[in-house]
> 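The following block contains the structure, expressed as structure tokens.
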There are 2 protein chains.
Amino acid sequence: MLSDRKKEILKAVVDDYIMTAEPVGSKAVSRRLSVPVSSATVRNEMADLENMGYLEQPHTSAGRVPSNKGYRLYVDELMERYRLNISEIDRIEKALSIRVNELDKLIIEAGRMVSELTNHPTITVTPSRSEEKIRRFEVIKVDEHTIVLVLVTTSDMIKNRICHLTSPLTDFDAAAASKALNDNFTGISLEGLTQEQITAAEFATGQTITEILIAAIDFAEEVISASGRRQIYLEGAPNILRFPEYRDIDRAYELMDFLSDTNAVGELTALSESEIEIKITIGEENLEPVLTDSSIIMTSYGSGGLIGVLGPTRMDYARVSARLRRFAEGLERYFK
Amino acid sequence: MLSDRKKEILKAVVDDYIMTAEPVGSKAVSRRLSVPVSSATVRNEMADLENMGYLEQPHTSAGRVPSNKGYRLYVDELMERYRLNISEIDRIEKALSIRVNELDKLIIEAGRMVSELTNHPTITVTPSRSEEKIRRFEVIKVDEHTIVLVLVTTSDMIKNRICHLTSPLTDFDAAAASKALNDNFTGISLEGLTQEQITAAEFATGQTITEILIAAIDFAEEVISASGRRQIYLEGAPNILRFPEYRDIDRAYELMDFLSDTNAVGELTALSESEIEIKITIGEENLEPVLTDSSIIMTSYGSGGLIGVLGPTRMDYARVSARLRRFAEGLERYFK
DNA sequence: GATTAGCACTCAGCAGTTACGAGTGCTAAT
DNA sequence: ATTAGCACTCGTAACTGCTGAGTGCTAATC
């Protein structure tokens, strides 16, 4: 267990380092402490903290830098909760006031806002829709050879597809197909819509309108797989170039390249359990090798949606997480 | 008018510089020429070319670098048409074999492919749909208080919106609303759908189902404005970090930041007339200040869609434009 | 008149040197 | 336990000189 003074010193080092990105010396720390203490004392304490693994020294004649273990303690215990000021709250509220209809567009927009709000690259993940059910499955006849399939789910997601038919279609057929689809699929969860059920439904109709049904089933399958696949978006990627830790182009490239591969990012976020308030992963806690000197602050919205920002381990955890939390709370309003 | 030898020298300089990114000296050029000539002669010629504005010297004791005027001439007259080899063609064909249903997703995917094919950031712009007409406008009753509006256009674009009604709805009402919508809007071009027509249509029905119609009109308006607004996507942005000209982080940041602002990029592409084969803008030809040392190679697909890549003025015009052209030709197949 | 060998000149880049200073660990005094 | 003092470390920045690629010019050659 760390003494209070050690904690205060650690906090001072992290706070300072977050601001300056320069190794922090004993003198600078001693100036910051609540009880006045000489730099020599601080030096001893800092040497201790280094032995305990909370601090690191880039080289002998430099100040100290927090280790990931140090950041972890800072985040868990030391960090002051950042209080948003009025202009920040204002900005967030303004950002939230925009209305977007499509879910995906909304999430993209949200990501953009967060990246602007925090000046960090932002990753957003749409909620997984696996527990949804089919509410309505309709055939619209556009002309003799063209139909539109419309699928509505219990949470108001709508998907559609246009199909060109080889044989001409009567209004009656269209209505019959609609009825068949609704009869067979309504109330079925997207996840539960197995291959067996699909083929069963297909044969159950025993009609000449099977062409429509086949198309409909194909369409339903696609919707299912798409709804299982959560969409992942990245916004504000250029922000990483503003951090001195990514002055090294090769590292910056590596990271950006990784981030723009949404599949890879997806695996990353897969593990984040939903319904978290704020989850911070620091350095190697992100198992992904390219992220070992980055941190991620992530929170959830809606049910199972994720929104998070990425930065160097030296990021301003308090401020960024405060802004992110506030934004996510506001976003929550959209989802009820 | 430039002598043939001057042209050959200019071409050699550009070719060499494109490969190496290093200023090209007279010796290197003389080695490349078809008729053997001493470096001294080349030196004289290069001094001429510099006076004429085709070449530039970063500093006295360095080789020469093409000016934008030099690139222009190179692109217009000197550049050899790059012949794609089999593996490249193969790669492009493979990329093109993927099927995507939604137009926007397709274009995003196309952008991703081109950025992978060329190793350049790629900008894609969806075709403008202003000349489209409404083909079908349907109301689907989901439950007593919920409808889905579905709008189908002549080029098979489908848009929908879910609406929650305050008053309960009968099947009969839904059918009547559908009819009213189809009667009034079918065949009307999206662009031509003016406010006047909209309100006229609204009153023409004189029904209690106005709630639906109001929602439908609002929806139609949104579709109109959205279809006028062409979507712009950026893929492969990290690629710019691979060019030595963007080793300077600040420049790289500036450029990336500009590129991720799709509105700004939109203004840029607005001027590109459609139905071009390949259009190359070099350096200051891009009026946008941040792009003064970048070039863009752009081509069109579909009707009015654009796809282009961005790079330093020192980009490999021949190879990149060959790949882009080939890809765009393949993409064309999707649009008929 | 065009070409070229030869030569003096320029200058970015690199390596080596030095000086500086921020920061350390240790010791001995308080 | 704290701290003043001090020798030590080492990255950084500034200066130096050197090297070599590349130039422009001149005078000889074709």
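The sequence lines fix the lettering, A, B, ..., with proteins before strands; numbering per chain opens at 1.
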> Relative to the 5' end of DNA chain C, which residue comes earlier, B/V37 or B/P58, by the nucleotide with the nearest heavy atom?
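Between the two, 5'-proximity favours B/V37.
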> Should B/T60 be listed as having a side-chain N or O under 4.0 Å from OP1 or OP2 of C/dC11?
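Checking B/T60 against C/dC11: at least one side-chain N or O falls below 4.0 Å of OP1 or OP2.
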> Just by distance, do the side chain of B/Q57 and the backbone of B/T60 share a donor-acceptor pair under 3.5 Å?
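Between the backbone of B/T60 and the side chain of B/Q57 there is a qualifying donor-acceptor contact (under 3.5 Å).
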> Between B/R251 and B/D248, does any NZ, NE, NH1 or NH2 come within less than 4.0 Å of an OD or OE carboxylate oxygen?
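Salt bridge absent between B/D248 and B/R251.
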> Under a 4.0 Å threshold between the charged nitrogen and the carboxylate oxygen, would A/R72 count as salt-bridged to A/E285?
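The answer is yes: the pair qualifies as a salt bridge.
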> Tell me what B/S26 touches on the nucleic acid: a base, only sugar-phosphate, or nothing, going by heavy atoms under 4.0 Å.
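It contacts sugar-phosphate atoms only.
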> Between C/dG23 atom P and A/E22 atom CD, what is the distance in whole Å?
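Rounding to the nearest Å, CD of A/E22 and P of C/dG23 are 9 Å apart.
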> Rounded off to whole Å, could you give me the CG-to-C1' distance for the B/N44 and C/dT3 pair?
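It works out to 9 Å between those atoms.
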> With sequence neighbours excluded, give me every side-chain hydrogen bond (donor to acceptor under 3.5 Å, both in side chains) pair touching residues 73-83 of chain A.
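Of all non-adjacent pairs touching residues 73-83 of chain A, those that pass side-chain hydrogen bond (donor to acceptor under 3.5 Å, both in side chains) are A/K7-A/E77, A/K11-A/E80, A/D15-A/Y74, A/Y82-A/E88.
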> Can you tell me how far C1' of C/dT3 sits from NZ of B/K6, to the nearest Å?
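Atom-to-atom, B/K6 to C/dT3, this comes out as 13 Å.
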> Rounded to the Å, how far apart are B/R43 CZ and C/dT4 P?
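Going from CZ in B/R43 over to P in C/dT4 covers 11 Å.
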> Where each residue is assigned the nucleotide of DNA chain C containing its nearest heavy atom, which of B/R5 and A/A28 is assigned the position nearer the 5′ end?
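Nearer the 5' end of the strand: B/R5.
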> What residue pairs, at least two apart or across chains, pass ring-ring contact (aromatic ring centres under 6.0 Å, His included) with a residue in residues 242-267 of chain A?
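Passing the test, one end in residues 242-267 of chain A: A/H120-A/F243.
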> Could you go through A/L117 and A/R91, starting from their C-alpha distance and side-chain angles, then the distance that decides it, and tell me whether this counts as side-chain contact (heavy atoms from CB on, under 4.5 Å)?
CA-CA 8 Å; A/L117 244 29; A/R91 221 173 130 205; 4.0 Å; yes
> Which nucleotide of DNA chain D is the first, and which the last, in the 5' to 3' direction, to come under 4.0 Å of a heavy atom belonging to chain A?
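Nucleotide range with atoms under 4.0 Å of chain A: D/dT2 to D/dG11.
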> When Watson-Crick pairs (N1 to N3 and N6-O4 or O6-N4) and G-U wobble pairs (N1-O2 and O6-N3) count only below 3.5 Å on both distances, what is the dot-bracket string of DNA chain C, with | for other-strand pairs?
||||||||||||||||||||||||||||||
> Sequence neighbours excluded, which residues qualify as side-chain hydrogen bond (donor to acceptor under 3.5 Å, both in side chains) partners of A/S26?
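Only A/R43 meet the side-chain hydrogen bond (donor to acceptor under 3.5 Å, both in side chains) criterion with A/S26.
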> What pairs meet the salt bridge (Lys or Arg N to Asp or Glu O under 4.0 Å) rule with one or both residues in residues 50-63 of chain A, with sequence neighbours excluded?
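Sorted pair list: A/E50-A/R64.
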> Checking A/E235 side chain against A/P121 main chain: does a donor-acceptor pair fall under 3.5 Å?
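A pair under 3.5 Å: no.
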